[in-house]
Amino acid sequence: MRMETPTPIPINTREHEEFRRTIEAEFSRIADENNRQNKRLSDLENEVKENRAIITSIHDIQRSLETICKELTAQGVRLKTLEDRDGQKWRGAVKIVFTALVSALVGWFFGQLGLI
């Protein structure tokens, strides 16, 4: 069994021109849509690049802050050591002065009793 090929319907020039204009208009519309989509894709790609740059900067800032925090902690320990050292010196000086005063007072007391 053989299928018959449909017989082409002849069209006139006016119909052909109308069809051509319709097809050209559709191609133009599709080309415009492609251009819009390409522009949107380009904009999105640029935004992704900017976001990546921002993320990289944030990671750099985070590493810097971690370093700063570690350094501040170390400086706090050093400052505490320096403050304690001055306090220890002051307490030592007060102890010496107190011991000298007590010794002088005890010596004077024993001197008054005639034991010295």
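Index from 1, following the sequence. Since the structure is predicted, the reported quantities are computational estimates derived from the model, not experimental observations.
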Using a 4.5 Å cut-off between side-chain heavy atoms of Ile, Leu, Val, Met, Phe, Trp and Tyr, which other residues end up in the same hydrophobic cluster as [X]?
X	result
Leu79	none
Leu41	none
Phe27	Phe19, Ile23

Counterpart residues, salt bridge (Lys or Arg N to Asp or Glu O under 4.0 Å), relative to [X] (two or more places apart):
X	answer
Arg63	Asp60
Lys80	Asp84
Arg85	none
Lys70	none

*Pairs where residues 87-106 contributes a residue and the test side-chain hydrogen bond (donor to acceptor under 3.5 Å, both in side chains) is met, not counting sequence neighbours*: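 Listed by first then second residue: nothing to list.
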
*What side-chain hydrogen bond (donor to acceptor under 3.5 Å, both in side chains) pairs are there with at least one residue in residues 14-28, not counting sequence neighbours?*
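Qualifying pairs, neighbours excluded: Glu17-Arg20, Arg20-Glu24, Glu26-Arg29.
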
Is there a path from [X] to [Y] through hydrophobic residues (I, L, V, M, F, W, Y) whose side chains come within less than 4.5 Å of each other?
X	Y	result
Leu101	Val94	no
Ile54	Leu65	no
Phe98	Phe109	yes

*Verify the neighbour count for atom CZ of Arg78: are there more than 12 heavy atoms of other residues, nucleotides or ligands below 6.0 Å?*
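Counting other residues, nucleotides and ligands, CZ of Arg78 exceeds 12 neighbours.
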
From [atom1] ([X]) to [atom2] ([Y]), nearest 0.5 Å:
X	Y	atom1	atom2	answer
Ile30	Asn35	CD1	CG	12.0 Å
Thr67	Gln62	OG1	CD	10.5 Å
Glu45	Arg40	CD	CZ	13.0 Å
Ser57	His59	OG	NE2	10.0 Å
Asn51	Glu47	CG	CD	7.0 Å
Thr73	Ile68	OG1	CD1	11.5 Å

Please enumerate all residues that pass side-chain hydrogen bond (donor to acceptor under 3.5 Å, both in side chains) together with [X], with sequence neighbours excluded.
X	value
Asp43	Lys39
Gln37	Glu33
Gln112	none

